[in-house]
Amino acid sequence: MSVIAFYILTVLCIFSALMVVFSKKPVHSVLYTIFCFFNIAGHFLLLNAQFLAIVHIIVYAGAIMVLFLFTIMFLNLNAEVEPHKSNLLKVAAVVCGGLLLLILVSCLKGAENIPVNPMLDTQMGMVKNLGMVLYNEYMLPFEMLSILFLSAMVGAVLLGKKETK
Amino acid sequence: MDSLIVLLIPLLPLIGFIISGTLNKQANHTLINGLTCGSVFVSFLLSVILFYQLQSGSAPISYKLLNWIYVGALKLDLSFTVDALSSIMLLIITGIGFLIHVYSTGYMHDEPDYARFFSYLNLFVFFMLLLVMGNNFVVMFVGWEGVGLCSYLLIGFWFKNNAYNDAAKKAFVMNRIGDLGFLIGMFLILNKFGSLNYQTVFDLASHAATNDPTITVICICLFIGALGKSAQIPLYTWLPDAMAGPTPVSALIHAATMVTAGIYMIVRTNVLYTLSPDAGFLVAVMGVATALFAATIGLKQNDIKKVLAYSTVSQLGYMFAALGVGAYETGMFHVITHAFFKALLFLCAGSVIHAMSGEQDIRSMGGLRKKLPITHITFFIGTLAISGFPPFSGFFSKDEILAKVHEYNGGFMLFTILAITSVITAFYMFRLYWLTFWGNFRGNSHQASHLHESPKSITIPLILLAVFAASAGLIGLPHLFHAPHLLNNFLAPVIINAPTLEASASFEIALIVVSLIVLALVTYITYQIYVAKARIPVADADEKGISKWVANKYYIDELYNALITQPLQAVSTFANNYIEKYVIDGTVNSFRWLTNTGSLLIRQIQTGSIGLYIFGIVIGIICMFVFKFYLA
Amino acid sequence: MLAEIFSFKKILPVLVFFGLATALYFNFNDWSTYHSYFYNMTTIDNFSIVFSSLLIGAVIMWLLMAGSYYRDENKITDHLAIICFALVGGILMTSYTNLMMLFVGIETISISMYVLAASDKVSLRSNEAGLKYFLMGAFATGLLLFGIALIYGCTASFDLGVIAGYVSAGNLPQMFYVGLILILSGMFFKAGVIPFHWWTPDVYQGAPTAITAFMATVVKAAAFASFFRLFQMSFAGVAGWWIEILIIVSAVTMIFGNLMAVSQTSLKRLFAYSSIAHAGYMLMAIIACNDMGARSLILYAYAYSAASIGAFAFLIILINQLQTDHQDALKGLAYSNPLLAIFLAVILISLAGIPPTAGFFAKYYLFTTLISQGYVGLVIIAVLSSLIGVYFYLRPIIFMFQHSNVETKLKISQSSLAFFALVTLIIVILGFMPQLIIEII
Amino acid sequence: MNIISEVGINSYLWLAAILFSIGVMGVLFRRNAIIILMCIELMLNAVNILFVAFSVMHNNPAGQIMVFFIMAVAAAEVAVGLAILILMYRNMGSVDIDTMKKLKW
């Protein structure tokens, strides 16, 4: 059952990812991205990472992609005016991407030899469990993350403000 | 506390240099005097303290300023050590240095660049102190180069005169030739012993075999360095020319201190020289040759400072002769006495020149003893001392050198030449003395009306130096008197393994008696020639035969000019016109062309397009993968 | 770590200045203590202290310098806040012992830099620089993360010590090496070496000059500190494997970086290419991968940061007053502003690596380190390429001494002159006493 | 029941590699800066999947924490990136990366 679910999600995921790249209208790209992210959230669920699945949908689909959508609407970019690259470059891009994939895959083989920890803890991906880890061991990076956010916030405001000149 | 003193000694003159150098023309004389003379004087007092500590048996005192050069296995500290040898040098440098500073306040009084002069003097004292206080060869080398620099600056102090500038350049170049030897020697030491620290090197060397060829080469290289700095054959020609500088400079740098740096270096490395009798013999031969050679030139010089300059070269030859035979303490002994009487003679000469309104030719002097009584007396004492009249200081040191050389295995020939040189020395010194202070005044009326004794700031240093020049010999009485040889005892910890050379008492007595008789004879003869018969030296152009040869300093300068300078000029002209233009410029230009073109081509890849940039990155990654996974 | 105490109280440069000074003090308080904090997230050792002192010191210098740049602008508060955040990121990058911390640190400093690069809002060049930096930076983050993921997949930990243990156990799966290459790519990008350098010249040129100065000093030093730390602490066990890549990249970077700089006429872009070339030299320290390497990297970072902050401070003045950074603008400077010209000459000489400046000893020490490990060929390439460097570093000096009909005359305040004097002093002191830095760890 | 042991870690590696490569290809393929940014998000998500898979495989929560961090950072990055984009659009009237060639050589 879950194997089938895995393959369905995977196919959908790859398909939507490809559509992100190849669809002509930016809005379509965004929508495909959101769809892709839902699939990925599905993968997370399959992997028993329930908390992350929810967060993924909230953050990515709910926040990030809405931001994208907002920007596109705001800038009124939805026309198919985007001039495309020359065919040569497009072919080169596909070749490059394919080459990278081939290399990655051929180099990654043999990973199945890594021992799988048999002690599967289905509760690991739950909020309670992750929360304990996050606020104990990973307290410091978490706090630092707040500085990162502060920086991003100040930066976004700084850039967004109208120049008074 | 002691180590702090060690640091302060070189630091004070440096501070003096910095302040007076920055103030330059804004400062009044009083401030400069207080600063520069004061700093050297305090250094002197501190040196005296250290000297007494060392004399009462204290171990050498060190101060480590910082870890200086730590590269690989080479570990060098910037640190100072004061042992018996450096302490004596300290006393000479700061003591005589202080007197000459005081003297200069009078001598340079009307000089517009007063502050610049004193800042250079202080800088010189600083570097000289660095030279003698360092505890490794590199610090010594820094000081060595530093004093060379100061010497250059001070010879060319009146830089508006081109001849003086040429003299400064000559001194610099000659010294550089020697420095090359020193540097090579240093590298060889590093290679052989793996360190440049005195203590380490000497400890290792004391286990080395005698006549080790590497050590001989090291010694010869170091000796070449000493030849340049201490003006020995064949690198001596710069020293007479260096008299272009102000007279206090000649006294301080070119008589009392800097030129003895070569001696100091060899005494410092006595362990190595003891291991290499061959190099020692070379040193002795060169020293004796220089002594005789320079003395004969001195016979025919008519410039008061040039006579003294050649006598300095000659006396330095004596010191090298002593070092060469392994009598290091004796060499130092002569350094000390020579510092006193030669500084005295130069300062007297300065006083005379001052009185004569800048005239330096002894043919235009004469009869000055009445007008310049103090200068006259002190100069006379200096003359007696350098000629070796007992009981003046020069007698003891020179006598000891002669005795030691005589005892040296196979040194009879050297001894004979040195003895003859000693007679010649007395001859030209008395010639100088009689011509300057006796007879009738031969200058023009303008000079005659200006004749006057110098001010106190000049005469007091003269008197002090005269006292020392007369009495300094007492620190090294011959065995004959059964008194302890103070200097030898003091230096004993520094001189390791040197052979002992002791002359018999009968020989010493004979030496004293003979030298007394000969000196009296010389005095009488010169008096007859230059005072009684008033034979004034003829003009240079009228000299004939050998005499002309000698008066022209054996044409050594011309020889160098013809043998070295002109071929070099020719080669460099050729190189400049052809090799430089076509070969070097051509090559360099083609490289430049290649670089520029390559640059123009390569910068094209920076297209400004993000797309292409990311392509670049991805291709870079793919290349890395291919390189590591498919090619390896 | 300690930086978080002060990073919130910004508002006024003065306050920040004292905050930084305090941080520096606390920093040295931990001298020679070896502590790890927060479940081994960061470790304060001497290496990290020296580097974070460099970062803090550079920011202090930057503050002194930027005073003149921001004089008539009111956005200094925003900028200062972001600079402080970036500094926190930088300090994380020098003291992390956990890949997660490395990631957060890199991102903090990068995001701050994206903003600052684009912060001159009316300038198209600044916008372009910001966007270029951002897009490529985000892309590189992706690479880095993929690498970290693969390493994590092998070792099940982000801790550098655990990874090092895994490495030393041997028999590594291929996945590990793939991860290593991807992490290398990410680090190469942050360090700005060829062929990951593309953003450097464009961003350096387009960003506001004060920000470029920050990037060339703090960001660069932090990137190399983290690079070195990661590869020494975790991957030293497989050094034989990755060193080949580093050698090639380092050689290519030195040659091409210097070569591309030769034909630049814009001084700002010249310094950008020179920063690429210097990155190539600093990579050599990572190749050495031992204590000697750490020392030479530290010395090099200090020397390079001091010189480049001086160079950029000069550019700020030049651009503010003449609206150009073309090298022709230097003509006649030696006659109209002799003192400034001397300071600039010392800075350039140090960058070129001519004695007796800090740059020379940094290079010298680096080269001897490499030679002692047997990388003679690489050192020969480095020396040859630095000869090319001499060519273009000395050219501005020649320009300064040329007469031209339009004599450049810059108005320099006493305080900026004092700043240059300070920079020059640091360069010369490090030149004469490099062991002040070398022996510190 | 463990999904990893059923489909094998290799499948996840494949999936991540494919998604990552599609992301890279997209970055190279398009000229619209917004879409490039989305492709970068795709790359990050490939990494996310990998982290979670490894986390489960090793039964180690750190990987999931990392994913959490990556999401947060991605959000911050996007916020800043879009701000820069808007700024640029205001000045140039376009988000085409190939129109930005002021800085070159």
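Just so it is clear: chains get the letters A, B, ... in the order the sequence lines come, proteins before strands, and each one is counted from 1.
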- Message: Need one label for D/Leu37: side chain, backbone, both or neither, based on atoms under 4.5 Å from any heavy atom in chain A.
- Response: both
- Message: Could you report the tightest heavy-atom contact between D/Asn32 and A/Pro26, atom names first, then the distance?
- Response: ND2-CG, 3.9 Å
- Between A/Val157, A/Val94, A/Leu99, which shows the greatest number of heavy-atom pairs under 4.5 Å with chain D? A/Val94
- Item | A/Thr10 to D/Leu15 - nearest heavy-atom pair and separation | CG2-CD1, 3.5 Å
- Task: Can you see which heavy atom on A/Leu159 is nearest to which on D/Arg90, and at what distance?
- Result: O-NH1, 4.3 Å
- Query: chain A: which of D/Ser21, D/Gly26, D/Gly23, D/Ala75 shares the most heavy-atom pairs with it under 4.5 Å?
  - Reply: D/Ser21
- Query: With chain D, which of A/Phe51, A/Phe70, A/Tyr7, A/Phe149 has the greatest number of heavy-atom pairs at distances under 4.5 Å?
  - Reply: A/Phe149
- Would you confirm whether A/Tyr138, through its side chain, and D/Ala62, through its main-chain N or O, come within 3.5 Å as a donor-acceptor pair? no
- The interface call for D/Ala46 against chain A, heavy-atom contacts under 4.5 Å, is neither
- Can you tell me how far CD1 of A/Ile64 sits from CE of D/Met38, rounded to the nearest 0.5 angstrom? 12.0 Å
- Message: Can you classify the ring geometry of D/Phe69 versus A/Phe142 as parallel (below 30°), tilted (30 to 60°) or perpendicular (above 60°)?
- Response: parallel
- Message: Quick check for you: to the nearest 0.5 Å, what is the distance between D/Ile35 atom CD1 and A/His28 atom NE2?
- Response: 11.0 Å
- Message: What's the separation between atom CZ in A/Phe37 and atom CG in D/Asn45, rounded to the nearest 0.5 Å?
- Response: 4.0 Å
- Note on the structure: The interface call for D/Ile34 against chain A, heavy-atom contacts under 4.5 Å, is both
- In Å, rounded to the nearest 0.5 Å, how long is the span from CE of D/Met25 to CG of A/Leu101? 9.5 Å
- Message: Less than 4.5 Å to any heavy atom of chain A: does that hold for the side chain of D/Leu87, its backbone, both, or neither?
- Response: side chain
- Check: D/Tyr89 ring centre within less than 6.0 Å of A/Phe74 ring centre: no
- Task: Sort D/Asn48 into side chain, backbone, both or neither according to what part of it lies under 4.5 angstrom from a heavy atom of chain A.
- Result: both
- Side chain / backbone / both / neither for D/Val52 at chain A, heavy atoms under 4.5 Å: both
